[in-house]
2 protein chains.
Amino acid sequence: MSLEHAILGFLTYRPLSGYDLKKFFDESVRHFWSATQSQIYRTLARMSETGWIEMEHIEQEDRPDRKVYHITNEGRDELRHWLTTPLDLPAIRHKWLVQVFFADQLSDEETITLFEAHAERLRQKLALFRNGVQEVVERRFTEGGSKRSRRLWQFTLDYGIAHLEWELQWIENALKDLRYLPSD
Amino acid sequence: MSLEHAILGFLTYRPLSGYDLKKFFDESVRHFWSATQSQIYRTLARMSETGWIEMEHIEQEDRPDRKVYHITNEGRDELRHWLTTPLDLPAIRHKWLVQVFFADQLSDEETITLFEAHAERLRQKLALFRNGVQEVVERRFTEGGSKRSRRLWQFTLDYGIAHLEWELQWIENALKDLRYLPSD
DNA sequence: AGCGACATGTAAGCGGTTACATGATTCT
DNA sequence: AGAATCATGTAACCGCTTACATGTCGCT
């Protein structure tokens, strides 16, 4: 399971609360592994039981108390083990391709719209990605973190952008072929 | 939901049983939308209640009885409606990128292995894809199906192959950069 | 007065996977 | 004799999403 291991990964940086972790997820791995708040809290409780992490209750006067978790030696072992485990390729679940597959139920115009609407979404996400994300990386790494870690982060960002660019280009190309769609 | 709409899509070809549908899924849309047998039977039962499909019990002497489902007019309306509904981009869940992100816990060699193992998996899947799939298309379309429908099928296959090719190339490229990974 | 940040969690439901269960026929 | 194909389904579980629930502090 990746959620647990992502949490272990973040806890190698420093001890963190559920609230902290949610922010880490949203700011860094979100575009390839998102996690909701409720999922994080539940998983932290489970991981405490297996002994991969330990909780420390920190009382605060001005703000709500925090439960800060730190990684144990077993946790570190588990993380290293998982990181060196080859994984199966993820199954693709792409609803849009289901629409394409059954688009013989649509007119030519509707089919073109199907492709163009998807292209437009890709363009929007790409714009978001290009603008928003790079700043976050800079901000985070002025306050610490190794160059190696930063370079690996950059890999995952490059992947995200290159992937969107590729898909967009593929669709723009497909749109050209769409003009010669057989009518029967 | 895509499973229901994929089923509706297949039922526009002809009335089918759960068993038939499982084969259709495995032979055509599997690489972007898979479905298990138990999922299909449960969903058919649910769809009968909503009125999108209707069941006909067909008794057979030599083999087990069949429950053959056909699409209703409401089903056709629902399918057309869904096909013209723009969908959000699917969230990517790519465990391998989680491994990359936290690979600062690994040595240089281990990191290179992480990339190379993934590339090898992509190569295997690509080989499978190129060999196995095209034949299925030919076979299926000698026994019927419109040219339009066939062309759309081809689109989804092309997408699958092009996607694997792109990812493989990206990783091979990343492997070159990996030589200059900062050590601190 | 209202909103956002801080901080914790529970509950219900949904889609999907894996395992279990049955039983006949046909091919090797 | 054993495997594959035909054909149906149930049950348990798992990961994830959405909604609900509570309460403080600081800023505008």
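Order of the sequence lines sets the chain letters (A, B, ...), proteins ahead of strands, with each chain counted from 1. Fair warning: this is a prediction, and the values are worked out from it, not measured in the lab. The figures here come from the full heavy-atom set of this structure, side chains too, leaving out hydrogens, waters and symmetry mates.
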Length of the line joining [X]:[atom1] and [N]:[atom2], which is rounded to integer Å:
X	N	atom1	atom2	value
B:Leu21	D:dA7	CG	P	13 Å
A:Leu3	D:dC16	CG	C1'	10 Å
B:Arg30	C:dT17	CZ	P	11 Å
B:Trp33	C:dT17	CH2	C1'	14 Å
B:Glu4	C:dC14	CD	C1'	11 Å
B:His5	C:dG15	NE2	C1'	15 Å
B:Lys22	C:dT18	NZ	P	11 Å

Whether B:Gln99 side chain and A:Thr85 backbone form a donor-acceptor pair below 3.5 Å
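Between the backbone of A:Thr85 and the side chain of B:Gln99 there is a qualifying donor-acceptor contact (under 3.5 Å).
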
Tell me whether B:His57 contacts the main-chain N or O of B:Asp65 through its side chain, where contact means a donor paired with an acceptor under 3.5 Å.
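Checked: no pair found.
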
When the ring planes of A:Tyr159 and A:His163 are compared, do they come out parallel, tilted or perpendicular, using 30° and 60° as the limits?
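It falls in the parallel class, under 30°.
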
With a sphere of 6.0 Å drawn around NE2 of B:His81, does it hold more than 12 non-hydrogen atoms of other residues, nucleotides or ligands?
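No - once you tally the heavy atoms of other residues, nucleotides and ligands closer than 6.0 Å, there are 12 at most.
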
Among residues 35-58 of chain B, which contact DNA chain C at a heavy-atom distance under 4.0 Å?
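Per residue number, the list reads B:Thr36, B:Ser38, B:Gln39, B:Arg42.
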
Which nucleotide wins on minimum distance to the side chain of B:Met1, given the candidates D:dC16, D:dT17, C:dG15?
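When the side chain of B:Met1 is considered, C:dG15 is the closest of D:dC16, D:dT17, C:dG15.
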
Looking just at side-chain N and O atoms, do B:Ser34 and A:Arg93 make a donor-acceptor pair shorter than 3.5 Å?
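B:Ser34 vs A:Arg93: donor-acceptor pair found between side chains.
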
Not counting sequence neighbours, which residues clear ring pair (Phe, Tyr, Trp, His ring centres under 6.0 Å) with [X]? List them please.
X	answer
A:Trp82	A:His5
B:Phe115	A:Phe155, B:Trp96
B:Phe32	none

What parts of residues 85-96 of chain A reach DNA chain D, counting only heavy atoms under 4.0 Å away?
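The stretch gives none, as no residue of it lies under 4.0 Å from the strand.
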
Kindly write out the residues that satisfy salt bridge (charged side-chain N to carboxylate O under 4.0 Å, His left out) with [X], not counting sequence neighbours, or none if the list is empty.
X	answer
A:Glu165	A:Arg130
B:Glu110	A:Arg80
B:Asp108	A:Arg148
A:Asp77	none

Atom pairs and distances, donor-acceptor, side-chain atoms in residues 119-129 of chain B, under 3.5 Å, two or more places apart:
residue  : atom : partner  : partner atom : Å
B:Glu120 : OE1  : B:Arg123 : NH1          : 2.7
B:Arg121 : NH1  : A:Leu87  : O            : 3.1
B:Arg121 : NH1  : A:Asp88  : OD1          : 3.4
B:Arg123 : NH2  : B:Glu172 : OE2          : 3.3

How sharply is the helix from C:dA1-D:dT28 to C:dT28-D:dA1 bent, taking the axes over five pairs at either end and rounding to 10 degrees?
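About 30°, once rounded to a multiple of 10°.
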
Nucleotides 3-5 of chain C: which of its N/O atoms have a protein N/O under 3.5 Å away?
none

